[in-house]
Amino acid sequence: MSGLRYRCFTKATDRAAAPPRPSRHWATSRRAWLKVFDDRLECGDWVVPVEAVTSATLYLSSVPLNPLKVLRLDTADRTFQFGLNPWCRIARHLPFEPRVETIRPAWALVSLLVRLALVAYLVYFVWRIVV
């Protein structure tokens, strides 16, 4: 057994093989600790040995209201995607070098509506204070 290198809370899916985008797979994804070891990654009962990883991609975006950081691991028979918090610095702790890809994330309609409602409420709140 190798020592723990890093851990962070994540939501993860093994049902999405395409680059990250809003989908029902993320709504029902697993929430668990992603633990990085020298020889494997663990997320709940998933164990991904380092030697089984055929490719690794870290997707990033810098869109202010829609930050995105997703680690995608491909193996011979499965694809795992781990949604990470924007402050998570996992890349330097991985036992392999991921390819970094910058993408512009798509907006989910529900997410867009919630954000617009929050902005409208803030504008109303400030207006009530000022007037």
Side-chain angles (χ1 to χ4, degrees):
M1 289 293 207
S2 300
L4 181 67
R5 293 174 139 208
Y6 189 77
R7 81 175 188 156
C8 60
F9 203 72
T10 187
K11 55 184 181 177
T13 184
D14 64 347
R15 296 177 301 208
R21 61 180 180 78
S23 72
R24 62 183 164 79
H25 300 302
W26 285 110
T28 60
S29 64
R30 157 185 307 220
R31 271 77 168 160
W33 286 102
L34 174 59
K35 298 175 187 172
V36 179
F37 295 89
D38 292 332
D39 61 344
R40 69 193 183 285
L41 280 80
E42 295 179 1
C43 184
D45 61 349
W46 293 344
V47 177
V48 183
V50 169
E51 63 270 3
V53 175
T54 57
S55 72
T57 306
L58 184 61
Y59 294 99
L60 304 172
S61 82
S62 59
V63 178
L65 291 177
N66 197 13
L68 174 80
K69 187 180 283 191
V70 175
L71 175 64
R72 174 182 165 170
L73 300 179
D74 295 311
T75 65
D77 56 343
R78 281 169 96 177
T79 297
F80 300 92
Q81 290 189 18
F82 303 96
L84 307 167
N85 289 311
W87 55 84
C88 179
R89 304 284 183 248
I90 197 170
R92 63 178 157 217
H93 302 286
L94 292 171
F96 44 78
E97 187 70 31
R99 181 179 57 134
V100 177
E101 190 172 320
T102 303
I103 62 172
R104 185 161 191 94
W107 288 86
L109 181 59
V110 172
S111 174
L112 183 61
L113 292 175
V114 167
R115 291 166 198 227
L116 286 173
L118 284 172
V119 168
Y121 178 75
L122 282 171
V123 168
Y124 171 76
F125 183 74
V126 169
W127 178 77
R128 293 287 297 182
I129 291 173
V130 173
V131 175

NZ-CG distance between Lys11 and Asn85, expressed to the nearest 0.5 angstrom: 9.0 Å
Nearest 0.5 Å, please: how far is OH in Tyr6 from CZ in Arg92? 7.5 Å
Answer yes if Val100 and Phe82 sit in the same cluster of Ile, Leu, Val, Met, Phe, Trp and Tyr residues linked by side chain heavy atoms under 4.5 Å apart, and no otherwise. yes
Starting at CG of Leu71, measure out to OH of Tyr59 and round the result to the nearest 0.5 Å. 10.0 Å
Roughly how far apart are Thr10 OG1 and Lys69 NZ, rounded to 0.5 Å? 11.5 Å
Is there a donor-acceptor contact under 3.5 Å from the side chain of Arg40 to the main chain of Val47? no
Shared ILVMFWY cluster between Leu94 and Val53, side chains joined below 4.5 angstrom? yes
For a quick test of reading the model, state the closest non-hydrogen atom pair linking Trp46 to Thr13 and the distance between them. CH2-C, 3.8 Å
Interatomic distance, CD1@Ile90 vs CG@Leu41, rounded to 0.5 Å, equals 6.5 Å
If you take all heavy atoms of Ala76 and Thr54, which pair is closest and at what distance? N-CG2, 4.2 Å
So, for Asp38 and Val50, which heavy atoms are closest and what is the spacing to 0.1 Å? O-CG2, 3.7 Å
Do the ring planes of Tyr124 and Tyr121 sit parallel (below 30°), tilted (30 to 60°) or perpendicular (above 60°)? tilted
Taking all atoms of both residues into account, what is the closest heavy-atom pair of Ala32 and Gly44, and its distance? CB-N, 4.0 Å
If hydrophobic clusters are built by linking Ile, Leu, Val, Met, Phe, Trp and Tyr wherever their side-chain heavy atoms come under 4.5 Å apart, do Val70 and Phe80 end up in the same one? no
Using 0.5 Å steps for rounding, measure from the CZ atom of Phe96 to the CG atom of Leu73. 4.5 Å
Is there a path of hydrophobic side-chain contacts, each under 4.5 Å between heavy atoms of I/L/V/M/F/W/Y residues, joining Leu4 to Leu84? no
Over all atoms of both residues, closest heavy-atom pair of His93 and Val36: O-CG1, 3.4 Å
Answer yes or no: is there a donor N or O on one side and an acceptor on the other, between the side chain of Arg78 and the main chain of Asp14, under 3.5 Å? no
